[in-house]
Amino acid sequence: MSTTGGTADPLVALGALPGVADSVESVRKAVDRVYGHRIMRRRSNVITSEAALRGARGSAALSGADWALEEVRRRTDFRGDDEARTVGAALRLTAEAGQLLSVWRQSPLRVLARLHLVAAADESDQVGRPRQRGEAVDEPMIERPLPDAGEVSGRLDGLAELIIAGSSAPALVTAAVVHGELLALRPFVSHNGLVARVAQRIVLIGSGLDPKSVCPAEVGHAELGRAAYLTAFDGYLSGTPEGMAAWIAHCGRAAELGARESTAVCEALQRGAA
């Protein structure tokens, strides 16, 4: 992760980059529109459940399993081919995210290990821990240079220290950095993209920006497309102020689109009740 300036809190420095404040404000307005909807006051649990389903579908799509929403809704068995297992992993992760909020700020590495265990759903000794020297990574959608195991360990520790210390930076900035750093490191032997995106979700929920988890950024990432996702991620990898700002803005736009999706669900439920 790149930092700017000499501040003790690099997340605050990133929040001061040109254009980031505008992204933060746009996300806040989009989130406020969802939470201010009359349906949210009566049926927020329905919106939360629907957002979880749509978020999982979006995250799976970015990992190569681009299924129609109704197919995800209909299926009960995800033990088939690679795509089915990817969708199943995304659904399990989304369900697990809400159970880990209280642990995240105290022990983020423990949460990440748990997320990988849930995603992989097997008993291999490579599951639920950062990869070791010489272990291959199965992440075909992210074909970028892979840090070695030693660098992964050090940067994971640094990320954990930032999370535990807390920050006055906007939630969007923290969420984007967590997401980008996990994609950059690919710390596990598999399912890193899914884990990175659900970690972003955990930050947005736990920060209080989206406490009911009704603004699935994964939906927005999928809508913006894999090419745009990877282009923005290259900005993160560059470590330049412009690249980091572009990545944060991309994550912000994804969160806005997720909020818009849930607003549309609220509108559909309102029409049905009319």
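Just so you know, these numbers use all the heavy atoms, side chains as well, and skip hydrogens, waters and symmetry mates.
- The NE2 atom of His179 sits 10.5 Å away from atom OH of Tyr236, with the distance rounded to the nearest 0.5 Å.
- Residues Thr94 and Arg201 bring no donor and acceptor atom of their side chains to less than 3.5 Å of each other.
- Put simply, the side chain of Ile142 reaches to within 4.5 Å of the side chain of Leu230, judged on heavy atoms.
- Proximity of a side-chain donor or acceptor of Arg92 to a complementary backbone N or O of Val118 within less than 3.5 Å is detected.
- Interatomic distance, CZ of Arg105 versus CD1 of Ile202, reported as 13.5 Å (0.5 Å rounding).
- Expressed to the nearest 0.5 Å, how far OG of Ser63 lies from CZ of Arg226 amounts to 8.0 Å.
- Between the side chain of His116 and the main chain of Ser190, a donor-acceptor pair closer than 3.5 Å is present.
- With Ser59 as the partner, the side chain to side chain donor-acceptor pair (under 3.5 Å) test is satisfied by one option alone out of Gln200, Arg197, Glu218: Arg197.
- Here the side chains of Leu14 and Val20 are not in contact, with every heavy-atom distance at 4.5 Å or above.
- In summary, the side chains of His191 and Thr86 do not present any donor paired with an acceptor at a separation below 3.5 Å, with no hydrogens or angles considered.
- Judged by distance alone, the side chain of Glu135 and the main-chain N or O of Gln132 form a donor-acceptor pair under 3.5 Å.
- Leu91 has its side chain out of reach of Arg57: every pair of non-hydrogen atoms, C-beta onward, lies at least 4.5 Å apart.
- Around CZ of Arg110, the count of heavy atoms belonging to other residues, nucleotides or ligands within 6.0 Å does not exceed 12.
- In this structure, Val72 and Phe78 approach most closely via the heavy-atom pair O-CZ, 4.1 Å.
- Using cut-offs of 30° and 60° on the angle between ring planes, the pair His221 and Tyr229 is perpendicular.
- Side-chain contact check for Thr263 and Arg33: no donor-acceptor pair (N or O, by modelled atom type) lies under 3.5 Å.
- Just one of Asn45, Val265, Leu269 meets the side chain to side chain contact (heavy atoms under 4.5 Å, CB included) condition when paired with Glu50; it is Val265.
- Thr48 contributes a side-chain N or O that, together with a main-chain N or O of Ser44, makes up a donor-acceptor pair within less than 3.5 Å.
- Arg75 places no side-chain N or O within 3.5 Å of a backbone atom of Arg73 that could act as its donor or acceptor partner.
- Considering only heavy atoms from C-beta on, Leu109 comes within 4.5 Å of Asp157 through its side chain.
- Panel note: side chain Ser238, backbone Gly235; a donor-acceptor pair is recorded below 3.5 Å.
- A donor-acceptor contact shorter than 3.5 Å is absent between the side chain of Arg54 and the backbone of Ser262.
- Formation of a donor-acceptor pair under 3.5 Å by the Arg155 side chain with backbone atoms of Val152 is not found in this model.
- A salt bridge links Arg253 with Glu256: the closest approach of a Lys/Arg side-chain nitrogen to an acidic carboxylate oxygen falls below 4.0 angstrom.
- A side-chain donor-acceptor contact under 3.5 Å links Trp247 to the backbone of Ala176.
- Of the charged side-chain nitrogens involved, at least one lies within less than 4.0 Å of a carboxylate oxygen, so that Asp82 and Arg85 count as a salt-bridged pair.
- A donor-acceptor pair under 3.5 Å links the side-chain atoms of Glu139 to the main chain of Gly193, judged by distance alone.
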